[in-house]
Amino acid sequence: MTVPTITLNDGNRIPQLGYGTFKVPAADAQRAVSEALELGYRHIDTAAIYGNEAEVGAAIAASGVARDELFVTTKLWNDRHDGDEPNAAIAESLDKLGIEKLDLYLIHWPTPAKDNYLHAWQKLIQLREAGLTRSIGVSNFLVPHLEKIVSATGVVPAVDQIELHPAYQQREVTSWAAAHDVRIEAWGPLGQGKYPLFDDPAVAGPASAHGKSPAQVVIRWHLQHEHVLFPKSVHRERLAQNIDVFDFALTDAEVAAIDAIDPGDGSGRVSSHPDEVN
Ligand code: NAD
């Protein structure tokens with residue numbers, strides 16, 4: 001299974017589809033990541049706060065997959081924006097992951113009440129210059145947060161990883177990102193199983209028309225919108241299903257019908273609002 005890559009604004013390439021490890025308990029993580037790597041996933045998304053970096057690292061080490069074939073992302077947690085904390089945090093993550101350099105390091109949340117994400121961004125720029133990560137980006141940044149770091153540093157993040165699925169499309173952020181060549185990574189791409197996406201006729205209809213599952217239709221919708229995504233499952237058959245999405249395409253009309261699922265008033269959001277996470 002070959003997953004297409006996308007070129008980021010810094011010239012680095014990222015596999016468009018990966019495996020996400022939020023809420024994959026440490027006890028399951030090594031097996032699940034090993035299975036993902038066996039099935040052809042080459043992009044793993046984790047975070048310090050997920051508590052599974054060591055198990056992700058163990059699976060990478062045991063896989064025999066060459067380091068330069070893998071894309072590994074982790075994230076700086078909210079209580080480590082200050083002073084030299086980002087330097088210590090990335091060192092700890094690299095140690096747990098058992099690698100010398102990340103492919104992508106993200107500020108996990110802007111935590112605007114603490115208002116130190118600009119400092120954290122300046123530190124990530126230095127970490128990239130020091131060779132500890134190939135690319136740097138942000139997560140859960142809304143337009144004011146993005147404008148603040150870009151106007152202060154002139155350095156545009158390679159990605160913004162945000163909650164995005166058919167019921168919550170964040171068009172303000174995606175428009176800004178498109179205008180500034182920031183790639184959108186869609187977290188909760190399946191609505192975390194909390195929004196009844198799979199029963200919506202705009203998803204269920206194409207699923208039966210193409211002989212695919214509703215999850216595969218939603219993943220395909222993301223791919224056709226050129227999002228990067230990394231759906232999460234701990235079940236091998238779902239891991240296999242979620243990467244088996246390159247042998248069909250939604251029609252323009254099918255994509256448009258899924259676009260119309262978003263109620264447009266923010267009520268499709270299934271997780272925390274960035275202004276409320278601190
Ligand atoms: P998701 O939308 O990927 O939903 C995962 C859930 O979808 C699973 O628990 C399962 O219930 C269901 N599912 C998965 N595959 C399925 C299938 N084939 N058929 C039916 N149901 C299926 O949600 P997520 O895990 O929150 O998001 C994906 C990744 O995004 C995470 O693992 C993590 O890496 C990242 N993430 C980042 C942030 C952030 O703040 N940056 C927040 C949440 C998640």
Side-chain angles (χ1 to χ4, degrees), residues 2-18 20 42-45 47 68 70-76 81 86 90 101-110 112 117-166 168-189 219-231 246 249 252 255-256 258-259 262 274-275:
T2 303
V3 171
T5 57
I6 284 182
T7 303
L8 300 173
N9 63 18
D10 57 12
N12 293 327
R13 296 183 75 82
I14 185 169
Q16 193 183 359
L17 183 68
R42 290 293 178 267
H43 169 181
I44 309 293
D45 183 89
D68 62 3
L70 278 178
F71 193 100
V72 182
T73 300
T74 194
K75 313 184 190 91
L76 176 72
H81 290 187
I90 198 172
K101 186 173 192 162
L102 294 172
D103 295 288
L104 178 61
Y105 197 43
L106 305 180
I107 300 176
H108 204 143
W109 294 87
Y117 60 88
L118 172 57
H119 172 79
W121 183 241
Q122 289 162 332
K123 295 302 271 185
L124 260 62
I125 294 167
Q126 291 171 10
L127 294 172
R128 185 182 60 182
E129 284 165 0
L132 295 173
T133 181
R134 294 168 68 231
S135 294
I136 52 175
V138 295
S139 178
N140 299 301
F141 274 45
L142 304 178
V143 171
H145 313 129
L146 290 160
E147 284 184 336
K148 180 168 170 172
I149 61 168
V150 172
S151 65
T153 66
V155 179
V156 181
V159 310
D160 189 6
Q161 184 179 124
I162 55 172
E163 179 184 337
L164 197 159
H165 45 79
Y168 189 56
Q169 294 175 40
Q170 300 235 47
R171 293 198 173 102
E172 201 183 329
V173 181
T174 59
S175 301
W176 192 97
H180 293 80
D181 195 18
V182 175
R183 181 63 44 180
I184 292 293
E185 293 191 331
W187 69 250
I219 292 167
R220 196 63 225 173
W221 174 85
H222 284 284
L223 294 172
Q224 290 180 222
H225 274 301
E226 302 191 338
H227 304 149
V228 172
L229 72 158
F230 19 80
F246 297 102
D252 290 347
V255 170
I258 299 173
D259 289 348
D262 189 336
D275 283 338

Non-hydrogen atoms of [X] and [Y] that approach each other most closely:
X      : Y      : answer
Arg13  : Thr7   : NH1-OG1, 2.6 Å
Pro189 : Pro231 : CG-CA, 3.9 Å
Lys75  : Asp45  : NZ-OD2, 2.7 Å
Tyr117 : Pro110 : CD2-O, 3.2 Å
Asp275 : Pro112 : OD1-CG, 3.6 Å
His43  : Pro15  : ND1-O, 2.9 Å

Could you tell me whether the side chain of [Y] reaches within less than 4.5 Å of the side chain of [X], counting heavy atoms only?
X      : Y      : value
Val159 : Thr73  : no
Val228 : Phe71  : no
His108 : Asn140 : yes
Arg183 : Ile6   : yes
Leu17  : Phe230 : no
Phe246 : Thr2   : no
Leu142 : Gln170 : yes

task: Could you point out which residue of Ile136, Asp10, Leu104, Ile149 forms a side chain to side chain contact (heavy atoms under 4.5 Å, CB included) with Pro157?
output: Ile149

- request: Taking the six-membered ring for Trp and the single ring otherwise, decide whether the centroids of Trp221 and His227 are under 6.0 Å apart.
  value: yes

When rounded to the nearest 0.5 angstrom, what is the spacing between [atom1] in [X] and [atom2] in [Y]?
X      : Y      : atom1 : atom2 : value
Ile162 : Ser139 : CD1   : OG    : 9.0 Å
Leu146 : Trp176 : CG    : CH2   : 4.5 Å
Thr153 : Leu118 : OG1   : CG    : 7.0 Å
Arg220 : His225 : CZ    : NE2   : 12.0 Å
Ile107 : Gln161 : CD1   : CD    : 13.0 Å
Leu124 : His81  : CG    : NE2   : 9.0 Å

statement: The side-chain contact (heavy atoms from CB on, under 4.5 Å) partners of Ser175 (sequence neighbours excluded) come to none

Does any N or O in the side chain of [X] come within less than 3.5 Å of the main-chain N or O of [Y], such that one atom is a donor and the other an acceptor?
X      : Y      : value
Glu172 : Val143 : no
Trp121 : Lys148 : no
Asn9   : Asp181 : yes
His222 : Ala186 : no

Test side chain to side chain donor-acceptor pair (under 3.5 Å) applied to Arg171 - qualifying residues, sequence neighbours left out: Gln169

task: Describe, in one word, how the ring planes of His145 and Phe141 are oriented to each other, choosing from parallel (under 30°), tilted (30 to 60°) and perpendicular (over 60°).
output: perpendicular

message: Using side chain to side chain contact (heavy atoms under 4.5 Å, CB included), reason through Val182 and Val156 one step at a time and then give a plain yes or no.
response: CA-CA 7 Å; Val182 175; Val156 181; 3.4 Å; yes

query: For Asp103, what residues pass the salt bridge (Lys or Arg N to Asp or Glu O under 4.0 Å) criterion, not counting sequence neighbours?
result: Arg67, Arg134

